[in-house]
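What follows is one structure encoded as structure tokens, with my remarks underneath.
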2 protein chains.
Amino acid sequence: MKMNDNSKNALGEILKQQRLRMSLTLRELTELSGVSASHLGRVERGERFPSASILRRIAKPLGFEEDELFTLAGYLSPQPPGIAEAHPVYSGRQLDPYVAKVLAEEPIEVQRAVLGILSMLKSIARSLIKENP
Amino acid sequence: MKMNDNSKNALGEILKQQRLRMSLTLRELTELSGVSASHLGRVERGERFPSASILRRIAKPLGFEEDELFTLAGYLSPQPPGIAEAHPVYSGRQLDPYVAKVLAEEPIEVQRAVLGILSMLKSIARSLIKENP
DNA sequence: CTTGACATTTGCCATTTGGCAAATTATAAT
DNA sequence: ATTATAATTTGCCAAATGGCAAATGTCAAG
């Protein structure tokens, strides 16, 4: 796979967002990780798929745990056998660890506001569906 | 590395021993894992180094935990911090339990989309601040 | 507008991975 | 010993990774 998969590129997006969140440039991440900036760029926009060793090198600079990144990349199955529930399971479904991590960095008011916005969006979506059958 | 490392080949040895312990032939392991026998053979005798996806596919058939094999291969640092705390606290802040509960009921794509929206709102907010000092 | 100093992307290519098929090497069974 | 049969190894090659250097994009200062 040359990874020209343009439609879905979850991993790249996540990596880019996290890099920006740490306000790092590709070059700075290169210095921290030893991975070339050109490659990092291609990975972020989904033109290359990062090998395990690459993930390992960029994990800590980006503030990820190694196994966290491996799981996001699909190298490791979610919920490794180690610890039963590191993250609580609500109503059969689960909160994505990455989402939890990012949201946890926001003040509580913002976290709550996010819920409000989500509920508004859902309501808007519902009324749109009624109009357009 | 073409893995012509003849002197020390820890991983290959381990894999071979474990395969024999399970009394599997290369071909049988191929059926269980979907990895070609020729490749498995080369990995065992150190002529190739297995990628993460290969390791993942042969882990369970050989009776290994995925992260165990990854660690043996050097992809994962030994003793990952996984066991730390059940409810990880990220960056000093914490995820509000109620927020976690509500979000956990949404599909993962929605959870991720929420992050995207949040990031857009923040960016809008920043630009508004720049305009109105 | 232009220059300079960045950051990101692209072109190119050496290296590696991993599969298929053919060759070789065990292992039995007669 | 001599086939038959299964197991491993080798030759070859398509596909992918990841680095370097050059091209391109971005943006603030003059």
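Order of the sequence lines sets the chain letters (A, B, ...), proteins ahead of strands, with each chain counted from 1. The shown structure was predicted, so the numbers you read here are calculated from the model rather than taken from an experiment.
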Next item on the list: Go through residues 28-44 of chain B and report each residue with a non-hydrogen atom lying under 4.0 Å from DNA chain D, sorted by number.
Entry: Ser38(B), Arg42(B)

Notebook entry, point to check: Who pairs with Thr30(A) by side-chain hydrogen bond (donor to acceptor under 3.5 Å, both in side chains), at least two apart in sequence or on another chain?
Noted result: none

Note to self: If the condition is side-chain hydrogen bond (donor to acceptor under 3.5 Å, both in side chains), which residues does Arg56(B) pass it with, not counting sequence neighbours?
What the structure shows: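 Scan of Arg56(B) (side-chain hydrogen bond (donor to acceptor under 3.5 Å, both in side chains), adjacent residues dropped) gives Ser77(A).
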
Next item on the list: Please collect all salt bridge (Lys or Arg N to Asp or Glu O under 4.0 Å) contacts where either partner lies in residues 23-37 of chain A, sequence neighbours excluded, each pair once.
Entry: none

Are [X] and [Y] close enough that some pair of their side-chain heavy atoms sits under 4.5 Å apart?
{"X": "Leu103(A)", "Y": "Leu103(B)", "result": "yes"}
{"X": "Leu72(A)", "Y": "Leu15(A)", "result": "no"}
{"X": "Val35(A)", "Y": "Val43(A)", "result": "no"}
{"X": "Leu62(A)", "Y": "Arg19(A)", "result": "yes"}

Spacing of [atom1] belonging to [X] relative to [atom2] belonging to [Y], to within rounding of 0.5 Å:
{"X": "Arg42(B)", "Y": "Ser36(B)", "atom1": "CZ", "atom2": "OG", "answer": "7.5 Å"}
{"X": "Ser38(B)", "Y": "Glu47(B)", "atom1": "OG", "atom2": "CD", "answer": "10.5 Å"}
{"X": "Lys16(B)", "Y": "Leu26(B)", "atom1": "NZ", "atom2": "CG", "answer": "8.0 Å"}

Checklist line | Aromatic plane relationship, Phe70(B) with Phe70(A) - under 30° parallel, 30 to 60° tilted, over 60° perpendicular | finding: perpendicular

Separation of [N] [atom2] from [X] [atom1] (nearest whole Å):
{"X": "Arg48(A)", "N": "dG11(C)", "atom1": "CZ", "atom2": "P", "result": "12 Å"}
{"X": "Glu47(B)", "N": "dT9(D)", "atom1": "CD", "atom2": "P", "result": "8 Å"}
{"X": "Arg27(B)", "N": "dA21(C)", "atom1": "CZ", "atom2": "P", "result": "12 Å"}
{"X": "Arg45(A)", "N": "dA7(C)", "atom1": "CZ", "atom2": "C1'", "result": "12 Å"}
{"X": "Leu20(B)", "N": "dA26(C)", "atom1": "CG", "atom2": "P", "result": "15 Å"}
{"X": "Leu26(B)", "N": "dT24(C)", "atom1": "CG", "atom2": "C1'", "result": "15 Å"}

Check: Could you give the angle between the helix axes at the two ends of the helix from dC1(C)-dG30(D) to dT30(C)-dA1(D), with five pairs per end, rounded to 10 degrees?
Finding: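 Comparing the first five pairs with the last five, the axes sit 10° apart.
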
Item checked: Nucleic acid contacts - residues 51-61 of chain A versus DNA chain C, non-hydrogen atoms under 4.0 Å ->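 Result for residues 51-61 of chain A: none.
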
